[in-house]
Amino acid sequence: TNRLTLSSQPEQLLETAKVLEKSVRGSPTHTCSVSTKFHETRRDLSTMAVSEKGVRAMYVEEFAEFEGLITAVMPALKEYYYANGTPDTTPVVNFLKPSDLAKALDISLGQEGEPPAKIVERIEAALKYSVRTSHPRFFDKLYAGSDPVGQVAELITAVLNTNVHTYAVAPAFAMMEQEVLKSMAAQVGFDRETADGILCPGGTFANISAMIVARNEKFPHVRKSGWKAGDNPVCFTSAQAHYSVKRGAMMAGFGMDNCLTIAADVKGCMIPDALEAAIVAAKAEGKTPFFVSTTAGTTVMGGFDPFAPIREICTRHGLWMHVDGAWGGSCVMSPKHRHLMAGAELADSLTWNPHKALGVPVYASSLITNNHQGALERSNNSSAEYLFHKHEASEFDLGDKTLQCGRRADALKLWLSWKRHGVAGFAKRVEKAFANAQYIAAEVKKREGRFALVSEPLSCNVAFWFVPEAARKAYAAGGHAAVYDQLDAVTGHIYQGMQEAGTMLVNFNPLSDHKLPRFFRIIMNQPRVTEADLDFVLDEIERLGAKVAK
């Protein structure tokens, strides 16, 4: 580094970078100090037009900063990875209240920039105070961690930094996106040749987009002229469906009150007879039913609606049938569990989020249509002449299929993940999650009296109560209704203690349509989870529950 001066040529700088790379492998601290010295030379590099090999100096210096940051951050990332593999000594979260977290992160922004070494410190702080979703005791949400291939794909996506709206600026990504969507459609049972689709920024956007497409097919005038007197649209979804369906009614302009909820059983499965009765009643009131959103893997209970009977009802009444398979759609990857999706191949459209059950980084979400070629463009295009020009590859100009203009290249991580794992690899991941769900459900039953299942799990959501000692006799005699307040209260208190302890993270929920007190909902997802981790969950809840009682 003593040789490095402001007059150094780019070739010398690159040679120095190689020396730095060797030196930093054993010393993260040395990396930062040397990196700072190295990057201070950047300010004058722009005065050099080109290097000896004809590379513009600005690109040499930018890569030097990129490489320096990556090299400096790698030890912290390695430590982060390895720490997740020591769950007994590594918390899922270093929980701080917002005021304390703001100080720990030095959250405020200023006028002057900071050197790369300081940026490395900022990255390390972000790692320290973020929830470790790859930790084997993170069970809080429908996603958990991500695979290395997807993580690297995200880096490449950022480096390439393009926008997937036209083939002209994203040829590779546009083709990858179409291939991924066609392959997903085929897995569900759609006709690959007539299926269409688009990647979306999350399942909520996908569900809303499905409703917009269905609205356009039933009420094509709305897109340009708006709603007319006498349209009176209504849609239907399960009482346990994701809230995005009601948001779709809001965004489509006919109002959340006109998204009618249909009764579901305690496992989260819609009751077909109740749906048909609601459709008939709506018609009698002068309403125009046009859309039914079913669910494959409800958020709380993991329920799957009976798709085939619902398809018959939708056909009989002329309604678009959508499947929200954001969580449960990945079952189609597994020969053992794809039966849960039976009848979904009859749907008009499907939402599916590989960032949930398949380990692809957030977000990787899709909307796929079945035998409705052109429907996405008909509902969304706005003839932006400055952007879309007819040419021989126009089929890969994807921007007119969606409400978005700016679109990330989410296809790369999904395409590479599929290349890396194949359907067989995805199937193993799904099957491990189901096996873990069955294991913990069995363990809950072994601890009868102290724990109780809300319902036998259908998929990878396991719902259960911890029964505090003072309530066990009454629970045994009268079930949850006899000790509603105690179950509800202890669940909330245990969750708070769990956050503060940081040893694990398991969410809790009520089930309002069945008037159930709050209970724990543990999600089985990532393959890193062992039976010992699941035993720990129950032991820790019992420990925290005893502490709450005291």
Side-chain angles (χ1 to χ4, degrees), residues 190 196-198 200 203-223 226-228 230-264 270-272 274-296 298 305-326 329 343-352 366-372 374-376 378-380 401-403:
F190 293 175
D196 197 5
I198 196 77
C200 300
T204 290
F205 190 96
N207 286 338
I208 292 173
S209 296
M211 188 179 290
I212 296 294
V213 172
R215 182 196 69 180
N216 193 64
E217 295 296 290
K218 185 73 172 181
F219 307 98
H221 59 273
V222 173
R223 194 169 73 91
W227 292 105
K228 297 178 181 179
D231 284 340
N232 298 327
V234 290
C235 68
F236 306 87
T237 197
S238 161
Q240 294 186 37
H242 192 261
Y243 61 81
S244 59
V245 184
K246 282 190 174 290
R247 285 189 176 180
M250 174 182 69
M251 295 294 289
F254 61 92
M256 296 169 72
D257 289 347
N258 290 307
C259 180
L260 308 181
T261 53
I262 306 303
M270 188 192 297
I271 300 171
L275 171 63
E276 182 143 41
I279 293 171
V280 170
K283 286 182 173 180
E285 294 172 4
K287 304 288 187 180
T288 308
F290 77 100
F291 180 81
V292 173
S293 182
T294 63
T295 310
T298 56
D305 291 340
F307 303 117
I310 293 174
R311 173 73 270 177
E312 292 179 5
I313 293 169
C314 289
T315 300
R316 190 157 50 245
H317 293 280
L319 277 65
W320 182 286
M321 177 183 163
H322 175 65
V323 175
D324 175 8
E345 73 279 1
L346 305 172
D348 294 290
S349 57
L350 169 83
T351 290
W352 179 1
S366 65
L367 170 63
I368 307 170
T369 61
N370 184 22
N371 292 320
H372 291 283
L376 288 165
R378 288 193 296 273
S379 62
N380 291 303
K401 293 184 179 184
T402 174
L403 294 170

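Since the model is a prediction, treat every value here as computed from it, not as a measurement.
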Q) When rounded to the nearest 0.5 angstrom, what distance separates CE in M270 from CG in L275? A) 5.5 Å

Q. Who are the side chain to side chain contact (heavy atoms under 4.5 Å, CB included) partners of K283, not counting sequence neighbours?
A. I279, P289, H317

Q: Using atom types as modelled and distance alone, determine if a side-chain donor or acceptor of S238 lies under 3.5 Å from a backbone N or O of Q240.
A: yes

Q. Looking only at heavy atoms, which two atoms of S379 and I212 are closest? And how far apart?
A. CB-O, 4.0 Å

Q. Judged by atom type as modelled, is there a donor-acceptor pair below 3.5 Å linking the side chain of E345 to the main-chain atoms of G343?
A. yes

Q) Of the non-hydrogen atoms in A278 and I262, which two are nearest, and what is the gap between them? A) CB-CD1, 3.5 Å

Q) Taking atom OG of S244 and atom CE of M251, what is their separation to the nearest 0.5 Å? A) 12.0 Å

Q. For R215 and V222, what are the C-alpha separation, side-chain angles and deciding distance, and is it a side-chain contact (heavy atoms from CB on, under 4.5 Å)?
A. CA-CA 8 Å; R215 182 196 69 180; V222 173; 3.7 Å; yes

Q | Heavy-atom pair of closest approach, residues T288 and F219 | A | CG2-CZ, 3.7 Å

Q) Between CG of N216 and NE2 of H221, what distance do you get to the nearest 0.5 Å? A) 10.0 Å

Q. Cut-off 3.5 Å, side chains only: do D305 and T294 have a donor facing an acceptor?
A. no

Q. Given the rule in the side-chain contact (heavy atoms from CB on, under 4.5 Å) test, do F236 and L319 qualify, once you have shown the distances and angles that lead to the verdict?
A. CA-CA 10 Å; F236 306 87; L319 277 65; 4.0 Å; yes

Q) Could you state the interatomic distance from NZ (K246) to SG (C235), rounded to the nearest 0.5 Å? A) 7.5 Å

Q | Closest contact, heavy atoms only, M321 versus R311 | A | SD-CA, 3.6 Å

Q | Evaluation steps, side-chain contact (heavy atoms from CB on, under 4.5 Å), between H372 and D348 | A | CA-CA 7 Å; H372 291 283; D348 294 290; 2.7 Å; yes

Q.
If I take atom CE from residue M211 and atom CG from residue L367, how far apart are they, to the nearest 0.5 angstrom?
A. 12.0 Å

Q) Just checking, any donor-acceptor pair under 3.5 angstrom between side chains of S293 and D324? A) no

Q | side-chain hydrogen bond (donor to acceptor under 3.5 Å, both in side chains) involving R247 - partner list, sequence neighbours excluded | A | none

Q. Are F254 and F290 near enough that their ring centres are under 6.0 Å apart?
A. yes

Q | Positive for side-chain hydrogen bond (donor to acceptor under 3.5 Å, both in side chains) with K401, one of T369, N380, D196 | A | D196

Q) To the nearest 0.5 Å, what is the distance between OG1 (T237) and CG (L260)? A) 10.5 Å

Q: For residues L346 and A308, report the shortest heavy-atom separation together with the two atoms involved.
A: CD1-CA, 4.4 Å

Q | Verdict with supporting geometry, T402 and C200, side-chain contact (heavy atoms from CB on, under 4.5 Å) | A | CA-CA 8 Å; T402 174; C200 300; 5.8 Å; no

Q) Under a 4.5 Å cut-off applied to non-hydrogen side-chain atoms, are H322 and N207 in contact? A) yes

**Q.** Shortest non-hydrogen separation from A344 to F190 and the atoms involved
**A.** O-CE2, 3.5 Å

(Q) Filter on side-chain hydrogen bond (donor to acceptor under 3.5 Å, both in side chains), then keep only pairs touching residues 250-263, sequence neighbours left out; what's left? (A) none

